[in-house]
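Down below is the structure, laid out as structure tokens.
Each chain gets a letter, A, B and so on, in the order the sequences are listed, and its residues count up from 1.
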Amino acid sequence: MIRFSDKHPAVTALYFISVTGIAMFVPHPVILLLSLAGALSYYLIRGEASARFLCFTAGLALLMTLINPLLSHRGETVLFFINLRPFTLEALLYGANAALLAAGVIVRMNSFSKIMTTEKVLCLIGRFSPRLSAVISAAVRSVPLFSSYYRHVSSFRALCRGYDSEPTPYDRAKESMEAFSATVGIALEGSIDAADSMDARGWQNGHRTASSRFVFGQNDAAAMIYIALSASVCIAAAASGLLDFDFYPVIADYGRGLFPLTSLVSYAFLSFYPAVSECVWHIMWKKRKTEKYPDAEALREYNRREAEK
Amino acid sequence: MTDTNEKHIISGTPAVIVKDLSFTPEGGSRRILDSVSFSLGEGELVLLAGPTGSGKSTLLRALKPEPPMKGRLEGRITVCGRNISDFSSAEQAAAIGYVAQDPETQIVTDRVESELAFGPENIGMPPSLIGLRVAEAASWFGLDQLTGTETSVLSGGKKQLLNLASAAALKPRLLLLDEPTAELDPVAADSFISAVKRLVREFGITVIIAEHRLSALTGDADRLLILNEGRLVSDSSPRDGIPVLLSIPGTLPEAPAAAVLAHRLGYPDKSFTGISDGREFVRGLKKTAQPESERKPDTSKDKEAAKGSETALKFENVSFRYGKNSRDVLSGLSFAVGEGEMLSLLGGNGAGKSTVLYTAAGLLSPYTGNVSVYGKKVRKNDGRKKPGSGRIAIVPQNVRLLFSGLTVAEELAKAGVSPENLPYGPDFDFAGIAGCCSYDLSGGEAHMLGLALALASEPDVLLLDEPTCGLDGAATEALGRALMSLKAKGVAIITVTHSVAFAAEYSDRVALLFCGRIAGEGTPRTFFSDAAFFTTDIRRITEGSADNAVTISDALRFFEPYKEDTE
């Protein structure tokens with residue numbers, strides 16, 4: 001049992017692309033509901049939930065739901081009038097649908113960004129362009145370096161500079177501009193050293209390979225097949241128009257029969273895959289006893305038993 | 001110590017042959033390297049010494065085809081029996097490793113693991129083999145717990161070890177190290193040096209290392225090459241080479257203390273590489289000893305310091321931590337520095353030395369306790385105070401953080417400093433380097449400029465973070481003299497330093513910081529006489545022979561009567 005977040009980056013990437021891709025291009029309310037439910041359950045089970053993030057997402061969804069009927073007046077079921085403009089049920093539901101989509105994608109992306117570290121992204125990019133992956137890695141490194149340089153430069157310079165009177169806002173702005181330009185200078189100077197260090201280790205050599213500690217195993221292949229299968233059922237149904245859904249002028253679901261139902265079920269399998277996988281992981285660890293490092297007594301016991309055999 | 005000539009015969013063909021190597025920089029007429037020739041055996045640890053500007057870095061760069069130097073390179077370099085111009089890009093990258101001075105800027109990628117893999121990937125090694133190399137290098141250099149770590153959070157020592165490991169992951173035959181420990185603290189420097197020694201002994205890699213602190217390596221190096229003004233003036237065992245080095249002006253403070261003492265006492269041919277042979281020499285001197293009373297060290301300086309003056313900076317029960325749940329970096333720290341006094345803070349890594357400076361400067365504020373300058377509490381942004389009202393200035397370890405990338409003259413003008421008013425002695429001035437870009441200055445020059453910029457605000461309290469890091473002997477002396485004249489003007493100075501020799505020579509008081517508080521303090525003489533580990537080489541050599549001699553001048557005063565007439 002490998003935890004979902006520890007699977008090969010290719011699995012993670014395929015999963016997030018297909019699950020959010022389908023949600024974005026197939027705006028069927030059931031799909032979007034499944035998408036949000038799946039995303040939310042995984043987010044909560046992972047155990048890194050933040051109340052602030054959830055409130056923000058809920059607030060945004062509520063706002064989207066309410067704004068649409070205020071701006072759009074299409075739809076036949078008028079609930080009431082605001083300033084002589086109709087507030088329709090269809091427009092409200094359309095807004096709610098869009099809100100579901102947004103909330104689902106936001107929650108999913110939050111989990112994705114935590115799982116898909118730069119290291120994993122670079123592993124994927126390295127497959128296609130080993131040079132680009134190295135350049136991106138260098139760029140990622142330069143960000144914290146630059147900000148730490150700037151912090152130091154600005155505080156040391158402020159300290160070493162004396163004013164004869166209280167500095168004006170202009171003085172301060174000028175000071176921070178100077179600190180910024182000095183930081184750029186230092187960073188550029190450092191990048192010359194870095195370039196030398198790259199050349200010293202063969203950067204100019206034509207052929208570059210990419211290595212990665214992530215190994216694509218059998219269970220990654222199985223996960224890929226599972227994701228591809230459940231997604232393709234859904235995509236096939238959507239492509240043949242079986243998952244079309246209209247809000248205007250009246251709510252109309254065109255998907256009737258077994259195939260659309262199957263595709264919705266298969267999307268549920270796709271959407272809840274990480275959450276279920278995570279649950280199984282937690283159950284496994286609940287069942288497992290804490291292991292002890294075998295001490296001398298345990299080893300003697302083992303040998304005795306083996307000898308008896 | 002193995003005789004080097006003998007070693008050549010044993011190892012057969014030399015690993016490195018350099019013949020008539022000369023280098024003239026682009027647009028210059030003077031040769032930086034002038035007909036340098038030598039050959040090195042396989043598995044030799046070679047120490048490259050010489051004053052700043054003698055061409056040490058240029059020689060190391062010349063031995064590495066990529067990145068190429070701008071200028072004209074003449075002569076012939078053979079590595080492992082092949083001319084290096086015949087090496088392919090991948091071959092030279094693998095066969096010749098290079099580690100420079102700054103640990104930070106040499107790191108290319110964001111994670112330890114990808115950094116180790118960077119070289120092997122560049123030369124197109126198959127991924128399965130890269131995995132093995134990365135694992136081996138990480139395990140062998142003790143970086144295995146850090147492989148997933150971001151490179152930006154490593155300590156300086158670990159960063160430099162990573163740079164060494166990254167070069168070693170390519171299985172080089174020749175390693176070129178250009179002052180690799182100049183910016184490390186002594187503990188990190190020692191672990192770096194011992195990793196280098198292991199590479200030499202266990203894998204037969206030939207290593208050429210340029211260093212200022214010779215004493216760390218003279219005991220283990222097989223050879224000592226000495227460059228002066230681009231010429232190779234000596235190529236011998238360290239023991240034979242040190243007297244040659246001492247005859248070059250400005251190199252004295254870099255050599256092992258015992259050798260310097262012998263040289264100054266008029267035994268120019270005596271040479272020592274370690275503490276124990278130094279002790280033997282000193283004991284030998286003592287056999288012809290004179291009455292104890294005549295050899296008391298001069299203590300007038302101590303009395304003067306103890307006299308006391310107005311308190312400039314005061315810490316009272318200062319405690320600091322970064323966050324609620326982190327540990328105390330400073331805990332109940334109390335000390336005071338008087339007007340015109342210099343206090344040196346020693347201590348291991350993580351003892352809170354730099355934190356003391358930042359707290360004194362008001363860049364960090366303690367959660368309890370008081371920091372005051374001339375009785376006034378220090379607050380954030382105190383640098384903006386008026387002159388004479390207890391201004392504080394700080395010179396960070398990386399002085400380049402104070403520069404704007406202009407020429408030296410422009411930097412000084414911008415800060416409003418006139419070079420004549422600086423407390424620098426006659427042997428240092430900015431006239432010669434006024435047109436240079438501040439980023440291109442040598443370590444010593446950069447520190448003098450950094451100090452000048454810090455003095456622009458006419459501070460009453462000066463804080464120095466590792467001022468001797470990356471400085472050669474002559475620059476250290478120039479800096480020390482500048483600090484002496486600042487002291488004479490009444491500036492209170494706190495230095496955080498790893499260099500016990502510097503602390504002993506120039507400070508009025510020395511304190512050891514441990515776990516965020518002062519574990520012991522005293523005048524240099526009492527402190528270093530009491531200390532067992534944090535003490536000067538001179539004290540280590542003369543302990544038991546000379547009373548409380550902690551600096552070269554103490555020891556000289558003591559042993560002067562035995563000075564040999566060299567006429």
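For a residue to count as touching a neighbouring chain, one of its non-hydrogen atoms must lie under 4.5 Å from one of that chain's; by this rule B:Glu104 touches chain A with backbone and side chain alike. Heavy atoms closer than 4.5 Å to chain A are found nowhere in B:Pro172, neither backbone nor side chain. Looking at B:Ile394, both its backbone and its side chain come within 4.5 Å of chain A, counting heavy atoms on both sides. Of the two parts of A:Ile186, the backbone and the side chain both hold a non-hydrogen atom closer than 4.5 Å to a non-hydrogen atom of chain B. In this structure, chain A has heavy atoms under 4.5 Å from both the backbone and the side chain of B:Ser404. Neither the backbone nor the side chain of B:Ala415 comes within contact range of chain A; no heavy atom of the residue lies under 4.5 Å from a heavy atom of that chain. The contact between A:Gln204 and chain B is made by backbone and side chain atoms together, counting heavy-atom distances below 4.5 Å. Within the 4.5 angstrom heavy-atom criterion, atoms from both the backbone and the side chain of B:Ser166 approach chain A. Only the side chain of A:Leu122 comes within contact range of chain B, with heavy atoms under 4.5 Å apart. Contact annotation for A:Pro144: only side-chain heavy atoms (C-beta onward) come within less than 4.5 Å of a heavy atom of chain B. Only the side chain of B:Glu113 comes within contact range of chain A, with at least one heavy atom under 4.5 Å from a heavy atom of that chain. Residue A:Ser181: no heavy atom, backbone or side chain, is found under 4.5 Å from chain B. Interface residue B:Phe403: only backbone heavy atoms are found under 4.5 Å from chain A. Heavy-atom distances place no part of B:Glu150 under 4.5 Å from chain A, backbone and side chain included. Interface remark: B:Ala90 contributes backbone and side-chain atoms alike to the contact with chain A (heavy atom separation under 4.5 Å).
In this structure, the side chain of B:Lys64 engages the main chain of A:Ala200 through a donor-acceptor pair within 3.5 Å. Proximity of a side-chain donor or acceptor of A:Arg108 to a complementary backbone N or O of A:Thr20 within less than 3.5 Å is not detected. At least one donor-acceptor pair under 3.5 Å links the side chain of A:Ser137 to the backbone N or O of B:Asp110. In this structure a side-chain-to-backbone donor-acceptor pair under 3.5 Å is present from B:Glu411 to B:Leu406.
Across A:Glu119, A:Arg131, A:His152, the residue that shares the most heavy-atom pairs under 4.5 angstrom with chain B is A:Glu119. The candidate from B:Asn122, B:Thr105, B:Ile107 with the greatest count of non-hydrogen atom pairs under 4.5 Å with chain A is B:Asn122. With chain B as the partner, the residue from A:Ala182, A:Ser211, A:Ser133, A:Ser197 showing the most heavy-atom pairs under 4.5 Å is A:Ser211. Between chain A and the options B:Gly405, B:Gly119, B:Gly148, B:Pro396, the largest number of non-hydrogen pairs under 4.5 Å is found for B:Pro396.
A:Phe4 and A:Tyr15 have perpendicular rings, their planes meeting at more than 60° on a 0 to 90° scale where under 30° would count as parallel.
In the displayed structure, A:Met177 atom CE is contacted under 6.0 Å by at most 12 heavy atoms of other residues, nucleotides or ligands.
In this structure, A:Ile106 CD1 and A:Leu40 CG are separated by 12.0 Å, a value rounded to the nearest 0.5 Å.
Between A:Arg201 and B:Glu115 there is a salt bridge, since at least one side-chain N of the basic residue sits less than 4.0 Å from a carboxylate O of the acidic one.
Taking 4.5 Å as the limit, every side-chain heavy atom of A:Lys7 sits out of range of all side-chain heavy atoms of A:Met224. When side chains are defined from C-beta on, B:Leu175 counts as touching B:Leu164, because their heavy atoms get closer than 4.5 Å.
With A:Trp203 as the aromatic partner, A:Arg208 does not meet the cation-pi criteria of under 6.0 angstrom to the ring centre and within 45 degrees of the ring axis.
For an aromatic pair to be called close, the ring centres must be under 6.0 Å apart, and A:Phe112 with A:Tyr43 fails this.
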